[in-house]
Amino acid sequence: MIRKILLVFGTRPEAIKMAPLVKKLREQPETFKTIVTVTGQHRQMLDQVLKLFDIQPDYDLDIMKAGQNLFDVTSRVLNGMKTVIQDSKPDLILVHGDTATSTAAALAGFYCRIPIGHVEAGLRTYDMYNPWPEEINRQLTGRLTTFHFAPTEMARQNLLKEQVPEENIIVTGNTVIDALYLILKRMEHEISLKKVIHSTLERAGIDLDLVQEWEEKKRRLILITGHRRENFGSGFVDICEAIRDLAKQYKEVDFLYPVHLNPNVQGPVNSILGDRGSNNNIYLVKPLDYLEFVYLLQLSHIVLTDSGGIQEEAPGLGKPVLVMRTTTERPEALNAGTVKLVGTDKTKITSSMSQLLDCPKSYQAMSKANNPYGDGKACERIVRHLENELISIL
Ligand code: UD1
Ligand code: UDP
């Protein structure tokens, strides 16, 4: 009997992490009917990923509004999912991680009595406002879930502490590593891809002579991203001032920041760092396609970010990561010493970055390639589990 699996996602990171799973499920049309719903919580940043992985959604709730808030997203997803579930009648709904999309979709599934599978289950800080609202989103989603696909043993332990039955927790690795390996493999095998990447970077406003200098290690690249809600306001001002001060001090280093489209991010970043006259080694560009982003991640010297996904990808590529948060739900790389928490404190950001730029010993210590988050086979494990277990619960 063919089982109907409905995957729901809506933001850039969810799409990157669910894309390889869509592909894996679709390899077995005799076992699974794979239905993809995108909520469109993100628009441009979601569509970039759908295009790269060649995914045409079956349903698109198209909910994004400029400057939306948590009430907008949650209510639109919850209401939109009612119709999708009634129309598609899935046997199981798969959601991912900790966004408003995933929690609202899981709740919609619960209201319709459809079992939920949670991909990237069990990540915790146990600090309800850090990250906000993601910590509580994932805890709520966990309560609504039947199959918990935990990326690591530590995530499994968190779920066990919360009394999740052992047999419902499956340690799979993180599907982001599957996505990363898919892209790295493409780069390795498709000779013409470098040309495509170069011309996309050029169109994004990045000078190819500069890219060549990063490729030849003549200049060092600091790759920056930031978007966390708990950093809005003074946090972002401090982050931007730290970047501005560092760029002034290290003229021989380049600071590239693909700026998230959230107006709360665009505002301070453009006003503090946007003046090319005084910040001529700071490059602000639009969010990059995943392919180009991974290419630059490989070329980068250090990563400065508050992102969750990048904390998982960069250590595998041997890149030191300074994380602009006070806590992380991904402690594995922290324990391995390749990731360091610097918060949004200006002095902490500048001094930690200076130490890495000035002291080769400190740099080497943080740049040992280490990959605690997966081996590229997470999707295979999830699909195998669904094959075996769906029969028994349905
Ligand atoms: C969301 C997630 C966060 C995740 C992040 C990944 C929630 C509550 N937040 O935060 O967990 O880490 O995505 O990036 O689920 N915008 C665009 N185009 C886009 C995307 C965003 O214009 O393609 C702008 C819009 O003005 C939108 C705003 O950004 O209203 C905020 O988007 P939203 O998804 O609500 O919040 P994020 O900060 O992106
Ligand atoms: N990313 C991307 N283009 C960019 C910046 C990031 O494709 O310009 C990718 C990155 O490699 C990672 C994901 O987006 O896989 C992280 O998304 P984000 O930081 O927005 O969300 P989070 O992971 O914090 O939820």
Side-chain angles (χ1 to χ4, degrees), residues 9-20 38-53 62-74 76-77 95-105 120 123 131-138 141 174-180 182-184 200-201 204 206 223-232 236 256-267 284-298 300 303 305-314 316-317 319 321 323-325 328-330 373:
F9 49 91
T11 63
R12 168 176 66 191
E14 291 170 279
I16 291 169
K17 291 168 165 183
M18 288 293 247
V38 295
T39 63
Q41 176 175 341
H42 284 175
R43 193 67 275 166
Q44 304 91 319
M45 286 160 60
L46 169 74
D47 293 344
Q48 289 177 324
V49 185
L50 295 177
K51 191 164 160 239
L52 177 67
F53 287 96
D62 198 20
I63 65 154
M64 198 195 88
K65 297 267 184 298
Q68 65 204 1
N69 61 44
L70 298 174
F71 297 92
D72 298 328
V73 180
T74 306
R76 286 191 199 120
V77 172
V95 300
H96 183 279
D98 52 22
T99 65
T101 280
S102 46
T103 306
E120 200 180 81
L123 275 62
W132 177 76
E134 289 81 4
E135 175 62 16
I136 293 303
N137 277 348
R138 57 189 165 230
T141 303
N174 198 305
T175 59
V176 79
I177 305 299
D178 297 31
L180 180 67
L182 278 176
I183 294 300
L184 293 176
T200 312
L201 289 175
I206 304 171
L223 190 56
I224 304 167
T225 78
H227 69 84
R228 297 245 78 86
R229 271 182 162 73
E230 65 274 15
N231 292 343
F232 289 171
F236 261 94
L256 177 72
Y257 186 166
V259 188
H260 193 290
L261 296 178
N262 195 321
N264 295 297
V265 179
Q266 290 273 335
L284 303 182
V285 295
K286 287 195 177 141
L288 294 163
D289 289 2
Y290 189 51
L291 183 63
E292 282 70 33
F293 189 79
V294 169
Y295 186 73
L296 291 180
L297 201 52
Q298 283 184 295
S300 69
V303 180
T305 189
D306 63 14
S307 163
I310 298 170
Q311 286 180 64
E312 293 155 344
E313 295 161 334
L317 300 172
K319 306 298 172 182
V321 189
V323 179
M324 298 181 287
R325 300 197 199 178
T328 181
E329 60 289 308
R330 295 164 169 93
Y373 297 110

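All values derive from a computational prediction rather than experimental measurement. Both ligands and their constituent atoms are indexed starting at 1 by order of listing. When a residue number appears, it is its place in the shown sequence, counting from 1.
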Are any protein N/O atoms closer than 3.5 Å to the N/O atoms of ligand 2? If there are, list each pair with names and the distance to one decimal place.
unit_1   : atom_1 : unit_2 : atom_2 : d
ligand 2 : 3 (N)  : Arg12  : NH1    : 3.4
ligand 2 : 3 (N)  : Leu288 : O      : 2.7
ligand 2 : 8 (O)  : Leu288 : N      : 2.8
ligand 2 : 11 (O) : Glu313 : OE1    : 2.8
ligand 2 : 11 (O) : Glu313 : OE2    : 3.3
ligand 2 : 14 (O) : Arg12  : NE     : 3.3
ligand 2 : 15 (O) : Glu313 : OE1    : 3.4
ligand 2 : 15 (O) : Glu313 : OE2    : 2.6
ligand 2 : 19 (O) : His227 : NE2    : 3.4
ligand 2 : 19 (O) : Ser307 : OG     : 2.8
ligand 2 : 20 (O) : Arg12  : NE     : 3.4
ligand 2 : 20 (O) : Arg12  : NH2    : 2.8
ligand 2 : 21 (O) : His227 : NE2    : 3.3
ligand 2 : 23 (O) : Ser307 : OG     : 3.3
ligand 2 : 23 (O) : Gly308 : N      : 3.4
ligand 2 : 23 (O) : Gly309 : N      : 2.7
ligand 2 : 24 (O) : His227 : NE2    : 2.9
ligand 2 : 24 (O) : Arg228 : NH1    : 3.2
ligand 2 : 24 (O) : Ser307 : OG     : 3.4
ligand 2 : 24 (O) : Gly308 : N      : 2.8

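If you number the atoms of ligand 1 from 1 as listed, the ones under 4.0 Å from a heavy atom of Arg43 come out as 19 (C), 23 (O). Below 4.0 Å from some heavy atom of Gly67 lie the following atoms of ligand 1, by number and element: 25 (C), 26 (O), 27 (C), 30 (O). Below 4.0 Å from some heavy atom of His260 lie the following atoms of ligand 1, by number and element: 14 (O), 37 (P), 38 (O), 39 (O). Near Met45, with a cut-off below 4.0 Å to any heavy atom, the atoms of ligand 1 are 19 (C), 20 (C), 23 (O). Atoms of ligand 1 found under 4.0 Å from any heavy atom of Glu134, numbered from 1 in the order shown, are 3 (C), 9 (N), 11 (O). Shown in contact with Arg228 at under 4.0 Å from a heavy atom are these atoms of ligand 1, numbered in order with element: 11 (O), 12 (O). Annotation for ligand 1: atoms under 4.0 Å from non-hydrogen atoms of Leu70 are 8 (C). Counting the atoms of ligand 1 from 1 in the order shown, those under 4.0 Å from a heavy atom of Lys65 are 27 (C), 30 (O).
Contact annotation: for Pro13 versus ligand 1, heavy atoms closer than 4.0 Å belong to the side chain alone. With a 4.0 Å cut-off on non-hydrogen atoms, Pro131 does not touch ligand 1 at all. Contacts of Gln44 with ligand 1, taken as heavy-atom pairs under 4.0 Å, involve both backbone and side chain. At a heavy-atom distance under 4.0 Å, only side-chain atoms of Arg229, from C-beta outward, approach ligand 1. Of the heavy atoms in Thr11, only side-chain atoms (C-beta onward) come closer than 4.0 Å to ligand 1. Contacts with ligand 1 closer than 4.0 Å are made by no heavy atom of Asn69, backbone or side chain. Contact annotation for Pro287 and ligand 1: no heavy atom of the residue comes within less than 4.0 Å of the ligand.
Protein heavy atom nearest atom 29 (O) of ligand 1, with residue, atom name and distance: Asn262 CA, 3.1 Å. For atom 33 (P) of ligand 1, the nearest protein heavy atom (residue, atom name, distance) is Gln68 NE2, 3.3 Å. Of all protein heavy atoms, the one closest to atom 24 (C) of ligand 1 is Leu261 O, 3.5 Å. Taking atom 4 (C) of ligand 1 as the reference point, the nearest protein heavy-atom neighbour is His227 CE1, 3.7 Å. The closest protein non-hydrogen atom to atom 22 (O) of ligand 1 is Met64 CE, 3.4 Å. Looking at atom 39 (O) of ligand 1, its nearest protein heavy atom turns out to be His42 NE2, 2.6 Å.
Donor-acceptor pairing under 3.5 Å is lacking for the side chains of Glu120 and Thr175. Remark: the Gln311 side chain and the Thr305 side chain contain no N/O donor-acceptor pair separated by less than 3.5 Å.
Ser300 places no side-chain N or O within donor-acceptor distance of the main-chain N or O of Val303, the cut-off being under 3.5 Å.
Distance NE2/His96 to NZ/Lys17: 5.0 Å, rounded to 0.5 Å. The NZ atom of Lys286 sits 15.0 Å away from atom NE2 of His260, with the distance rounded to the nearest 0.5 Å. Here the CZ-CZ distance, from Arg76 to Phe71, works out to 13.0 Å after rounding to the nearest 0.5 Å.
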**OP:** Tell me, with the steps shown, if Thr74 and Thr101 meet side chain to side chain contact (heavy atoms under 4.5 Å, CB included).
**Re:** CA-CA 7 Å; Thr74 306; Thr101 280; over 6 Å; no
**OP:** Decide side chain to side chain contact (heavy atoms under 4.5 Å, CB included) for Ile183 and Tyr290; before the verdict, give the C-alpha distance in whole Å, the side-chain angles of both, and the deciding distance to 0.1 Å.
**Re:** CA-CA 8 Å; Ile183 294 300; Tyr290 189 51; 3.6 Å; yes
Subject >> side chain to side chain contact (heavy atoms under 4.5 Å, CB included) assessment of Arg229 paired with Leu70 >> reply: CA-CA 11 Å; Arg229 271 182 162 73; Leu70 298 174; 3.7 Å; yes
Subject >> Thr39 vs Thr11, side chain to side chain contact (heavy atoms under 4.5 Å, CB included): CA-CA, chis, key distance, verdict >> reply: CA-CA 8 Å; Thr39 63; Thr11 63; over 6 Å; no
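Residues Arg12 and Pro287 share a closest heavy-atom pair of NH1-CB, 3.7 Å. Looking at every heavy atom in both residues, Asp289 comes nearest to Gln48 through OD1-NE2, 3.0 Å. The shortest heavy-atom contact between Val265 and Tyr257 is CG1-OH, 3.7 Å. Residues Arg325 and Ser307 come closest through the heavy atom pair NH2-C, 3.7 Å.
Ion pairing of Arg43 with Asp62 is present here, as a side-chain N (NZ or NE/NH1/NH2) and a carboxylate O approach within less than 4.0 Å.
For ligand 1, one of its N or O atoms has an N or O atom of Ala100 under 3.5 Å away. Below 3.5 Å of separation, one finds an N or O of Gln41 facing an N or O of ligand 1.
Side chains of Ile16 and Phe9 form no contact here, defined as non-hydrogen atoms less than 4.5 Å apart.
A salt bridge (Lys or Arg N to Asp or Glu O under 4.0 Å) with Asp98 is found for exactly one of Arg138, Arg330, Arg228, namely Arg138.
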